[in-house]
Structures are given as structure tokens and as C-alpha cells.
Amino acid sequence: MSDTFYLRYYVGHKGRHGHEFMEVEFRPDGKLRYANNSRYKNDTMIRKEVYVSQTVLDELRRIVEDSEIIQEDDSNWPEPDEQGRQELEIVQGDDHVSFATTKLGSMVQVQSSKDPEGLKNFYHLVQDVKCMALTLINAHFKVQPI
């Protein structure tokens with residue numbers, strides 16, 4: 001069994017401001033990549049990269065394992081549409097899963113789907129991944145000097 005761990009999350013849409021998206025990627029070598037492209041008020045793309053420790057990757061792996069997302073199936077989840085799309089790709093050992101669904105605005109949308117339990121697992125895992133990634137990026141790039 002391989003010990004590889006990789007995770008990529010993407011959320012985005014194409015609208016009046018062009019292709020707006022956020023993407024987070026944790027690579028097996030510890031590189032955390034973050035990209036945020038918003039044309040709102042003529043913003044430019046933000047790209048940040050930082051290396052995280054094996055302990056951080058192990059914690060992310062634990063979060064993914066605890067979510068049991070690997071056992072889920074997105075066939076009954078809402079299809080990506082004009083509202084946008086979310087993608088989650090995970091490689092964990094010999095398992096490789098990829099999920100795609102529409103942008104989810106609230107738990108009400110999750111509960112009204114054909115697979116509320118599976119989509120709830122996805123929704124909560126994505127919230128955890130975004131929170132972890134943004135916290136790590138902010139801690140690294142916004143350190144206040146004493």
C-alpha cells in the first residue's frame with residue numbers, strides 16, 4: 001500500500017467578471033498551493049505557496065479519514081451548473097477519488113439533495129480544508145513583527 005497523500009479543492013464560476021475561482025492544493029512533498037482569482041473591482045489573481053510539515057499533512061489526512069469521504073459517491077449530488085462548480089480530488093494511499101458538484105451556498109441546499117448525508121460529509125470536509133489552508137497561508141504571510 002502506498003503512503004501517498006494529495007488533496008486538491010477547487011470552487012469557481014464563470015460570470016460577468018470572467019472566471020472567478022479559488023483553488024487549494026496539498027501536495028505529497030508538503031507544498032501547499034493557494035490561488036484566488038477574482039475580477040471583482042478589477043482584482044488580480046492571488047497566488048501563494050508555502051511548505052507545511054509532515055505533522056500538518058498527517059493532521060489533514062486524519063481529517064479526511066474521519067470524514068469517510070473516500071466511501072462517498074457523487075452520482076446523486078447536484079451537477080455543476082451556471083452557479084458554478086466545486087471539485088475535490090484526494091489521493092490517499094491506493095485510493096484516488098474525485099468529486100464534482102455545484103457550488104453549495106447553505107446546509108438547506110445540502111439537505112434538499114438526493115444524498116444529504118454524503119453531501120453533508122463533502123460540505124463539512126470542504127469547510128475544514130478551506131479553513132485549514134487559509135489559516136496556514138495567513139499565518140505564514142501575515143506574521144506581525146514584535
Side-chain angles (χ1 to χ4, degrees), residues 1-54 56-141:
M1 182 175 104
S2 171
D3 199 33
T4 302
F5 182 78
Y6 169 85
L7 183 143
R8 182 186 66 84
Y9 171 70
Y10 163 92
V11 59
H13 70 276
K14 292 181 176 131
R16 71 178 142 169
H17 299 291
H19 182 202
E20 296 183 296
F21 67 91
M22 183 192 75
E23 186 171 39
V24 171
E25 179 183 48
F26 286 89
R27 295 166 66 169
D29 63 356
K31 185 184 274 189
L32 163 57
R33 296 178 60 213
Y34 167 80
N36 190 331
N37 188 39
S38 173
R39 298 282 184 221
Y40 180 69
K41 294 189 177 180
N42 294 321
D43 258 351
T44 58
M45 184 171 324
I46 299 167
R47 287 188 186 274
K48 302 284 185 189
E49 292 183 356
V50 64
Y51 280 90
V52 297
S53 69
Q54 186 61 47
V56 171
L57 289 178
D58 290 346
E59 179 62 13
L60 182 61
R61 179 189 285 255
R62 185 197 63 76
I63 291 168
V64 169
E65 286 172 356
D66 286 354
S67 77
E68 299 182 351
I69 196 74
I70 300 290
Q71 284 78 40
E72 297 298 343
D73 178 359
D74 65 355
S75 60
N76 287 320
W77 296 358
E79 293 286 327
D81 56 19
E82 67 280 348
Q83 296 298 314
R85 73 183 294 122
Q86 292 184 88
E87 299 171 0
L88 180 65
E89 179 182 9
I90 301 169
V91 176
Q92 187 167 341
D94 294 330
D95 293 319
H96 185 177
V97 294
S98 235
F99 301 103
T101 189
T102 189
K103 284 172 67 174
L104 300 168
S106 69
M107 280 301 290
V108 172
Q109 195 176 1
V110 170
Q111 294 300 340
S112 65
S113 74
K114 292 179 187 172
D115 179 17
E117 283 305 308
L119 200 53
K120 185 169 83 171
N121 283 349
F122 175 86
Y123 182 85
H124 287 299
L125 176 60
V126 162
Q127 297 301 319
D128 290 345
V129 167
K130 288 192 298 188
C131 184
M132 183 178 203
L134 292 173
T135 299
L136 290 165
I137 291 292
N138 285 331
H140 182 77
F141 288 100

Heavy-atom side-chain contact between K120 and F122 under 4.5 Å: no
Pair S67, N121: side-chain N/O donor-acceptor within cut-off below 3.5 Å: no
R8/E25 ion pair, N-O < 4.0 Å: no
Minimum heavy-atom distance between Q86 and L104, given as atom pair plus value: NE2-N, 3.3 Å
Q83 versus H13, side-chain donor and acceptor atoms under 3.5 Å: no
Salt-bridge contact E87-R85 (side-chain N to carboxylate O under 4.0 Å): yes
Pairs where residues 108-119 contributes a residue and the test side-chain hydrogen bond (donor to acceptor under 3.5 Å, both in side chains) is met, not counting sequence neighbours: W77-D115
Nearest-0.5 Å distance, CD1 of residue I137 to CD of residue E49: 8.5 Å
Taking every non-hydrogen atom, the tightest pair across Y123 and G105: OH-O, 4.5 Å
Atom of D74, atom of A100 and distance for their closest heavy-atom approach: OD2-N, 2.9 Å
Test item: side-chain donor near acceptor, N36 and Y34, under 3.5 Å: yes
Rounded distance [0.5 Å steps], CD in E79 versus OG1 in T101: 7.5 Å
Which atom of G118 lies closest to which atom of E72, heavy atoms considered: CA-OE1, 3.2 Å
Separation of Q92 CD from D3 CG (nearest 0.5 Å): 9.5 Å
Residues R62 and D66 bridged, charged N to O under 4.0 Å: yes
Distance (rounded to the nearest 0.5 Å) between L57 CG and F26 CZ: 7.5 Å
Inter-residue atom distance E65.CD - D58.CG, 0.5 Å rounding: 9.5 Å
Any side-chain donor near an acceptor of the partner, E89 and H96, under 3.5 Å: yes
Sub-4.5 Å side-chain heavy-atom contact between D95 and I90: no
Nearest atoms (heavy-atom pairs only) where T4 meets R61: O-NH2, 3.4 Å
Separation of I69 CD1 from F99 CZ (nearest 0.5 Å): 4.5 Å
Geometric cation-pi criterion K130 and Y9, 6.0 Å radius, 45° cone: no
Greater than 12 external heavy atoms within 6.0 Å of K31's NZ: yes
Intermediate values then yes/no, side-chain contact (heavy atoms from CB on, under 4.5 Å), M132 and E59: CA-CA 10 Å; M132 183 178 203; E59 179 62 13; 4.2 Å; yes
